[in-house]
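Note that this is a predicted model, so its numbers are computed, not measured.
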Amino acid sequence: MGSLFNIIAIPLGMLLKLIYDVVSNYGLALFLFTLVTRIILLPLDWKQKKSSIRMAAIQPMINEINKKYANNMQKRQEELARVQQENGISASAGCLPMLIQLPILFGLINVIYEPLRHLARLSTETIESAKLITEGIVGNLSRYSPQSAILTEVRNNPEMFKDVFSADQIAFCQDINMSFLGIDLTAIPDIKHLSILWLIPVLSVAFMLIQQVITMKFNGQKMEGMMKWMPIYTSAMFAYITFVIPAGVSVYWIFSSVFGIGQEFILKLFFDPEKEKEKIEEEMK
């Protein structure tokens with residue numbers, strides 16, 4: 001699976017490099033990169049939304065079947081399959097778009113994790129050699145951000161890398177602008193020490209939570225039982241991750257969530273979930 005993500009990351013990395021060459025700022029490049037990729041994924045998001053709304057429309061029937069055949073699993077599965085078939089719902093309809101998006105999203109993260117590969121266009125052998133030098137300077141590197149640490153050390157100790165990098169490569173690493181609004185996107189927030197970097201994890205988790213709530217509401221899903229707490233659970237898990245990865249990855253999630261929220265409101269103008277749900281319910285009657 002890792003090789004699949006790497007394959008997907010290659011064209012995405014070329015896209016990020018192209019954008020960076022135009023704007024010369026990593027933060028702004030991430031913003032535009034996220035916008036472009038959200039547009040690319042829009043057809044899949046549209047299909048996912050339609051499937052979710054249709055599933056929400058038949059949810060009362062599903063609940064009734066689960067209750068009626070609680071002690072007969074075979075009969076329950078037969079009835080659920082019948083209801084889905086009668087209402088034109090495929091069991092995989094809601095999952096397929098998500099499964100297609102998953103490797104794309106991991107490919108995007110791979111691009112952000114590896115600025116030396118995708119922005120500086122360095123080979124794997126060169127990066128590994130630079131990693132050994134960096135570990136000799138600062139010790140073991142975080143598995144989440146080794147290339148960010150290499151970038152930092154190339155800036156601080158360029159002479160240590162002259163046998164690995166060419167003069168142009170060292171110059172690129174020193175000149176690359178990895179900041180956004182004055183924040184170094186290669187840095188990792190320290191959970192033990194309060195700093196301006198804490199703002200990025202807080203915003204990424206907040207916007208992620210807001211997006212999940214809005215998406216569920218606009219899809220016509222009722223937030224009951226465990227479903228009510230799902231956005232909080234996933235956001236809490238993500239909160240930990242934001243303190244072990246470079247700030248740039250969290251900034252990508254902020255941009256992605258903001259665009260996702262805007263996309264939900266825009267799609268609602270052309271595809272009203274409540275009206276669509278009423279239409280489906282009429283069809284079922």
Side-chain angles (χ1 to χ4, degrees), residues 5 8-9 12-13 15-16 19-20 23 25-42 44-45 48-49 97-115 117-119 142-148 151 178-191 195-219 229-267:
F5 297 153
I8 295 172
L12 295 174
L15 173 61
L16 180 59
I19 296 173
Y20 178 83
V23 299
N25 180 277
Y26 189 60
L28 181 56
L30 269 182
F31 177 85
L32 297 174
F33 174 77
T34 310
L35 175 60
V36 171
T37 52
R38 290 294 304 198
I39 293 174
I40 293 173
L41 293 174
L42 185 58
L44 294 176
D45 291 334
Q48 174 73 31
K49 175 174 284 293
M98 190 177 298
L99 292 175
I100 294 174
Q101 290 184 64
L102 190 61
I104 296 176
L105 291 175
F106 275 99
L108 294 175
I109 295 173
N110 179 278
V111 170
I112 299 167
Y113 272 153
E114 302 186 348
R117 182 188 306 278
H118 299 290
L119 289 184
S142 167
R143 64 191 182 95
Y144 296 104
S145 58
Q147 295 193 20
S148 297
L151 267 177
M178 299 291 288
S179 67
F180 182 71
L181 300 178
I183 298 175
D184 182 5
L185 298 185
T186 65
I188 300 176
D190 188 346
I191 197 170
S195 70
I196 188 65
L197 278 175
W198 273 48
L199 184 63
I200 293 179
V202 169
L203 289 176
S204 62
V205 172
F207 280 113
M208 180 182 184
L209 178 60
I210 293 171
Q211 182 190 12
Q212 290 184 80
V213 172
I214 290 176
T215 299
M216 292 175 69
K217 183 176 181 179
F218 283 8
N219 284 349
W229 302 104
M230 190 59 66
I232 296 177
Y233 292 150
T234 54
S235 298
M237 288 188 293
F238 184 70
Y240 165 76
I241 298 175
T242 59
F243 282 95
V244 295
I245 58 178
V249 180
S250 297
V251 167
Y252 161 74
W253 282 113
I254 293 173
F255 292 154
S256 183
S257 295
V258 170
F259 286 133
I261 293 169
Q263 177 180 296
E264 288 295 329
F265 281 98
I266 292 173
L267 288 179

Correct closest heavy-atom pair for Glu264 and Thr215 would be OE2-OG1, 3.6 Å

To the nearest 0.5 Å, atom CH2 of Trp198 lies from atom OG1 of Thr242 at 9.5 Å

Residues Ala247 and Leu197: closest non-hydrogen pair is CB-CD2, 4.1 Å

Interatomic distance, CG@Leu16 vs CG@Leu30, rounded to 0.5 Å, equals 6.0 Å

All heavy atoms of Gln147 vs all of Arg117, minimum pair found to be OE1-N, 3.3 Å

For this session: State, yes or no, whether a side-chain contact exists between Ile183 and Val251 at a heavy-atom distance under 4.5 Å.
Result: no

The reported gap from CD in Gln263 to CD1 in Ile214 (rounded to nearest 0.5 angstrom) is 12.0 Å

(Q) Would you say the ring centers of Phe259 and Phe207 fall short of 6.0 Å from each other? (A) no

Interatomic distance, CG@Leu12 vs CD1@Ile40, rounded to 0.5 Å, equals 7.0 Å

Between the main-chain N or O of Ile254 and the side-chain N or O of Ser257, is there a donor-acceptor pair closer than 3.5 Å?
no

Residues Ser250 and Ser204: closest non-hydrogen pair is O-CB, 3.7 Å

To the nearest 0.5 Å, atom CD1 of Ile19 lies from atom CG of Leu119 at 10.5 Å

- Message: Students often mix this up, so state it plainly: with edges at 30° and 60°, are the rings of Phe33 and Tyr252 parallel, tilted or perpendicular?
- Response: tilted

Residues Gly27 and Phe255: closest non-hydrogen pair is O-CE1, 3.7 Å

Problem set entry | Whether Ser256 side chain and Trp253 backbone form a donor-acceptor pair below 3.5 Å | no

Taken to the nearest 0.5 Å, the spacing of Asp184 CG from Ile196 CD1 works out to 13.0 Å

